[in-house]
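Below is one structure; the comments refer to it alone.
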Amino acid sequence: MKRLFTILTTLTLLLGLAACGQAGTQSSPGQSQTQQEGISSVGEPSAPNQSTPPASSTPEGGESDEETPEGGVLVAYFSATGNTEGIAQHLQSILDADLYEIVPEVPYTDEDLNYSDDSCRANQEQNDPAARPAITGTLEHPEDYDVVFLGYPIWWGQAPKVMYTFLESFDLGDATIVPFCTSGSSGIGSSAGGLQELTENAQWLDGQRFSSGAGRDEVAQWVDSLGLNR
């Protein structure tokens, strides 16, 4: 009986020691979770944030963002002696316009402009309805202009035939055309009448005659009187 009691006591002590050993090797739930998160963040670093690349801003098909400017003002003129050129330059400055000189392929000499000689070049051209003196140069994009100031000297009461060549060479579309001229005494009269027939869709305003010495202020006053939106 005593031997049996001793055995039971020994077994009880052994079981108690085993239970204490297991308790010493377990970690708390909080400690275990912290260790696992640390391993995950160091051993397996998360991938860098990836975002969708921005759409390309380059226009497709090679198109440009820039628009072709429209609604411009053109001052086109023919000047054999420089008088009309001076008025045209005033207009360019006042209107911030493009300036285009109508240049004959064969320049006019003093002999060509000797109006007292019936056989001079100017007289022969003005007396020939079919005369169209050749011109040089090209007017780029005439359709871009909403307003065209058209200048010339008065030859025997009319516009020089080189102006007819210009209007037949370049289509001004439905632009508003404003004629102006220079002369010693003659007014603009009906000088623009024949020119209007060459521009089917254009709208013509009344023109103005200037002397060779007209200043910028005089030209500016005329421009203001036209009521154009500038």
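In this text, all values refer to a predicted model and were calculated from it rather than measured experimentally.
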Separation between [atom1] of [X] and [atom2] of [Y], rounded to the nearest 0.5 Å:
X	Y	atom1	atom2	value
Ser169	Leu198	OG	CG	10.5 Å
Phe166	Glu101	CZ	CD	12.0 Å
Thr199	Trp204	OG1	CH2	5.0 Å
Asn123	Leu113	CG	CG	9.5 Å
Cys181	Gln158	SG	CD	10.5 Å
Gln203	Asp174	CD	CG	9.5 Å

Minimum heavy-atom separation for [X] to [Y], with atom names?
X	Y	result
Gln124	Asp118	CG-O, 4.2 Å
Ala97	Val75	CB-CG2, 3.9 Å
Asp112	Cys120	O-SG, 3.4 Å
Phe78	Ala80	CZ-CB, 3.8 Å
Glu105	Thr136	CA-CG2, 3.6 Å
Leu139	Tyr100	N-OH, 3.8 Å

Does [Y] offer a backbone N or O that forms a donor-acceptor pair with the side chain of [X] under 3.5 Å?
X	Y	answer
Arg209	Gly184	yes
Lys161	Glu125	yes
Ser183	Ser186	yes
Ser191	Ala159	no

Exercise for the section: Test Glu143 against Asp171 for side chain to side chain contact (heavy atoms under 4.5 Å, CB included), laying out the working first. Expected result: CA-CA 7 Å; Glu143 70 280 359; Asp171 184 7; over 6 Å; no
Practice task
Could you give me the CA-CA distance, side-chain angles and deciding distance for Trp222 and Ser225, then say whether side chain to side chain contact (heavy atoms under 4.5 Å, CB included) is met?
Solution key: CA-CA 5 Å; Trp222 171 61; Ser225 71; 3.9 Å; yes
Is the shortest heavy-atom distance from the side chain of [X] to the side chain of [Y] under 4.5 Å?
X	Y	value
Ile188	Pro179	yes
Thr81	Tyr108	no
Asn83	Phe210	no

Exercise for the section: Name all residues meeting the side-chain hydrogen bond (donor to acceptor under 3.5 Å, both in side chains) criterion together with Thr176; count only those two or more places apart in sequence or in a different chain, and write none if there are none. Expected result: none
Same cluster (ILVMFWY, side-chain, under 4.5 Å), [X] and [Y]:
X	Y	result
Val73	Ile177	no
Ile135	Leu74	yes
Leu172	Leu228	no
Ile102	Tyr152	yes
Trp156	Met163	yes

Practice task
Could you walk me through whether Gln126 and Tyr115 pass side chain to side chain donor-acceptor pair (under 3.5 Å), step by step?
Solution key: CA-CA 11 Å; Gln126 293 303 96; Tyr115 303 115; over 6 Å; no
Exercise for the section: Determine the interplanar angle of the Phe180 and Phe149 rings, folded into 0 to 90°, and report it as parallel if under 30°, tilted if 30 to 60°, perpendicular if over 60°. Expected result: tilted
Handout entry: side chain to side chain donor-acceptor pair (under 3.5 Å) between Thr182 and Thr84, intermediate numbers included
Key = CA-CA 6 Å; Thr182 56; Thr84 306; 2.7 Å; yes
Practice task
For atom CG of Asn201, decide whether the heavy atoms of other residues, nucleotides or ligands shown that lie under 6.0 angstrom number more than 12.
Solution key: yes
